[in-house]
Amino acid sequence: MFLSIFDIFKIGVGPSSSHTMGPMSAAARFLEDLRTGREKEPGAGDLAALGCSLHGSLAFTGKGHATDRAVILGFAGFEPATLDPDRAEELEAEIRAKGVVAPPGLPPLQFAPDQDLIFDYDTVLPGHANGLVLRAFDTARHLYLEETYYSIGGGFVLTARELEAQNQGGADAFHKEKEAEGFPHPFGSAQEMLSMGRATGKSIAQMKWENEAALAPRAEVQSRVDAIWAAMDDCIDRGLRMDGELPGGLRVKRRAKHILDQLKAEAGTNQAQPHVANDWLSVYAMAVNEENAAGGRVVTSPTNGAAGVVPAVLRYYRDHCIGATEDGRRTFLMTAAAIGGLIKHNASISGAEVGCQGEVGSASAMAAAGLCAALGGTNEQVENAAEIALEHHLGMTCDPVGGLVQVPCIERNGLGAIKAVSAASLALRGDGTHFMPLDNCIEAMRQTGIDMSTKYKETSQGGLAVNLPEC
């Protein structure tokens with residue numbers, strides 16, 4: 001199995017990788033099919049209009065996750081990696097006012113979101129909880145082209161046919177990647193990863209580097225890895241500067257800047273408690289997730305909803321850990337990506353599939369593994385660190401209040417970062433031997449996700465989302 005580090009860490013925009021980045025990417029794919037005329041309906045006239053229906057979790061929490069904006073801007077030709085988040089609201093308003101989009105390479109197309117973008121709460125698509133159907137029409141409003149897409153978490157998008165092909169014979173809707181060929185270390189499980197490491201004498205990060213080098217020169221890979229960290233670091237810094245309320249109507253105030261001001265004021269005094277390190281971890285993570293909630297530029301790590309954990313622990317490594325180096329930072333990211341790939345391959349990173357255990361739980365496991373590796377841990381200690389962090393997120397629900405990634409998501413990232421550091425530290429105190437293998441823990445998460453009620457899978461129909469204070 002091989003998933004690139006650039007599949008796990010993708011630069012995009014908030015507030016959700018599955019509900020924002022995925023639908024926007026689906027629209028981009030649909031536009032490309034329109035440009036090439038792929039599978040155009042027989043007898044269809046000239047292309048004239050677009051439409052979309054959102055289903056499952058995309059319908060239930062789509063407004064809070066800006067799924068409508070994502071589709072609107074996607075139909076206009078914008079993509080997550082290059083969209084200027086500061087202009088998103090203005091661009092959406094222009095399209096809503098005109099009722100027309102003008103994507104590059106296609107004629108102007110009618111698209112009035114109030115009529116042509118439907119939140120279908122009743123029709124559940126069979127492949128996945130995050131489904132959308134994109135349609136194009138000719139001048140007589142006859143169907144020109146239709147495609148069903150599933151946003152399967154972390155910004156990954158598959159058509160219905162692609163999902164079916166990759167779930168060959170599977171009874172569940174979990175995404176399974178095909179076994180990779182042509183890579184020197186194609187481990188598909190933690191056990192295989194450890195076995196390959198023992199056989200070659202290489203670390204997890206070294207094996208991951210060699211796999212990536214099968215696709216591109218090492219210098220190019222390193223440059224892109226450094227760009228990922230730069231985007232993460234910039235997101236933390238922006239989140240630490242910003243103030244005010246987050247959008248969406250809950251009137252949640254940004255807190256990262258205020259907490260940072262307090263931490264700076266306490267520095268060098270006897271006012272700081274020994275556990276102040278937890279506050280630094282939390283403020284870094286909260287800064288990222290406040291930016292994500294505001295629709296800013298973030299990096300899927302492995303999702304937007306969990307985007308603060310890995311950057312927070314990596315910033316903690318750089319600014320607070322003894323002996324931190326640039327090579328250590330790269331080792332951290334490569335190792336974290338390897339663990340994220342295993343979880344995605346064997347279970348899920350989608351809150352709509354398995355709840356928040358698949359988002360913040362996966363992110364915490366990735367960060368724990370990355371920090372353990374950067375601090376000199378063995379492969380066995382790294383695997384142990386990931387297992388400890390994931391084990392203690394099992395069963396966590398995804399229950400965003402108001403369909404917004406604000407409560408409990410922002411603080412949850414801070415706690416995920418704290419657990420990651422604790423897990424790495426515990427693993428480094430041992431020799432890597434432990435009772436519960438990471439593979440079994442991942443399988444437990446998958447099984448728990450299957451059994452979990454859909455009320456707790458990013459639909460905002462259960463948990464904290466329905467237990468609100470009375471006004």
Open item on the list: Please check this pair: side chain of Arg297 against backbone of Leu83, looking for a donor-acceptor N/O pair closer than 3.5 Å.
Closed with: yes

Open item on the list: Please check: side-chain N/O of Tyr317 versus main-chain N/O of Thr325, any donor-acceptor pairing under 3.5 Å?
Closed with: yes

Open item on the list: Show, in sequence, the C-alpha distance, side-chain angles and deciding distance for Asp233 and Arg318, and conclude whether the salt bridge (Lys or Arg N to Asp or Glu O under 4.0 Å) test is met.
Closed with: CA-CA 11 Å; Asp233 200 31; Arg318 189 194 73 181; 3.1 Å; yes

Task: Distance-minimising heavy-atom pair for Thr20 and Ala66 - done: CG2-O, 4.3 Å

TODO: Work out which heavy atom in Pro103 is nearest to a heavy atom in Leu31; give both atom names and the distance.
DONE: CB-CD1, 3.7 Å

Task: Face-on cation placement of Arg29 at Tyr149 ring, 6.0 Å and 45° thresholds - done: no

Task: Main-chain N/O of Ala112 paired with Asp116 side-chain donor or acceptor, under 3.5 Å - done: yes

Task: Separation of Asp86 CG from Leu91 CG (nearest 0.5 Å) - done: 11.0 Å

- [ ] Give the intermediate values and the outcome of side chain to side chain donor-acceptor pair (under 3.5 Å) for residues Glu79 and Ser25.
- [x] CA-CA 6 Å; Glu79 298 191 41; Ser25 297; 5.9 Å; no

Open item on the list: Before you tell me yes or no, could you show the steps for Thr159 and Glu147 under side chain to side chain donor-acceptor pair (under 3.5 Å), namely the whole-Å CA-CA distance, both residues' side-chain angles and the distance that decides it to 0.1 Å?
Closed with: CA-CA 7 Å; Thr159 66; Glu147 186 66 83; 4.7 Å; no

Task: Basic-acidic side-chain contact under 4.0 Å: Arg96, Glu92 - done: yes

TODO: Indicate whether the side chain of Glu443 and that of Gln447 have a donor and an acceptor atom separated by less than 3.5 Å.
DONE: yes

Task: Heavy-atom closest contact (Ala369 atom, Thr335 atom, distance) - done: O-CG2, 3.6 Å

- [ ] Give a yes or no on this: more than 12 heavy atoms of other residues, nucleotides or ligands lie within 6.0 Å of atom CD of Glu245.
- [x] yes

Open item on the list: Pair Glu326, Arg329 - check salt bridge (Lys or Arg N to Asp or Glu O under 4.0 Å), show working.
Closed with: CA-CA 5 Å; Glu326 289 296 291; Arg329 171 177 57 73; 2.3 Å; yes

- [ ] State whether Asp226 and Arg330 are salt-bridged, where the test is any N-O pair (Lys NZ or Arg NE/NH1/NH2 against Asp/Glu carboxylate O) under 4.0 Å.
- [x] yes

Open item on the list: salt bridge (Lys or Arg N to Asp or Glu O under 4.0 Å) for Lys40 and Asp138? Distances and angles first, verdict last.
Closed with: CA-CA 11 Å; Lys40 170 185 172 182; Asp138 65 14; over 6 Å; no

Open item on the list: Can you tell me how far apart CD1 (Ile410) and CE (Met286) are? Round to the nearest 0.5 Å.
Closed with: 6.5 Å

Open item on the list: Is it the case that atom CD in Gln222 sees more than 12 heavy atoms from other parts of the structure closer than 6.0 Å?
Closed with: yes

Open item on the list: If I compare all heavy atoms of Val221 with all of Phe6, which pair ends up nearest, and what's the gap?
Closed with: O-CZ, 3.7 Å

- [ ] List the steps and the verdict of salt bridge (Lys or Arg N to Asp or Glu O under 4.0 Å) for Glu291 and Arg254.
- [x] CA-CA 9 Å; Glu291 274 299 287; Arg254 288 182 182 251; 3.0 Å; yes

Task: Closest approach of His19 to Pro23 (non-hydrogen atoms, all atoms of both residues) - done: O-CG, 3.3 Å

Task: Cationic tip of Lys457 above Phe60 ring, under 6.0 Å, 45° of axis - done: no

Task: Pair Thr61-Glu458, side-chain donor/acceptor within less than 3.5 Å - done: no

TODO: Could you tell me which non-hydrogen atom of Gly351 sits nearest to which non-hydrogen atom of Cys398, and how far apart they are?
DONE: O-CB, 4.1 Å

Open item on the list: Check this for me, if you would: do Glu41 and Arg135 make a salt bridge, where the nitrogen-to-carboxylate-oxygen distance has to be below 4.0 angstrom?
Closed with: no

- [ ] Quick one: sort the Phe183 and Phe2 rings into parallel, tilted or perpendicular, breaks at 30° and 60°.
- [x] parallel

Open item on the list: I'd like to know whether CG of Asp46 has more than 12 heavy-atom contacts from other residues, nucleotides or ligands below 6.0 angstrom.
Closed with: no

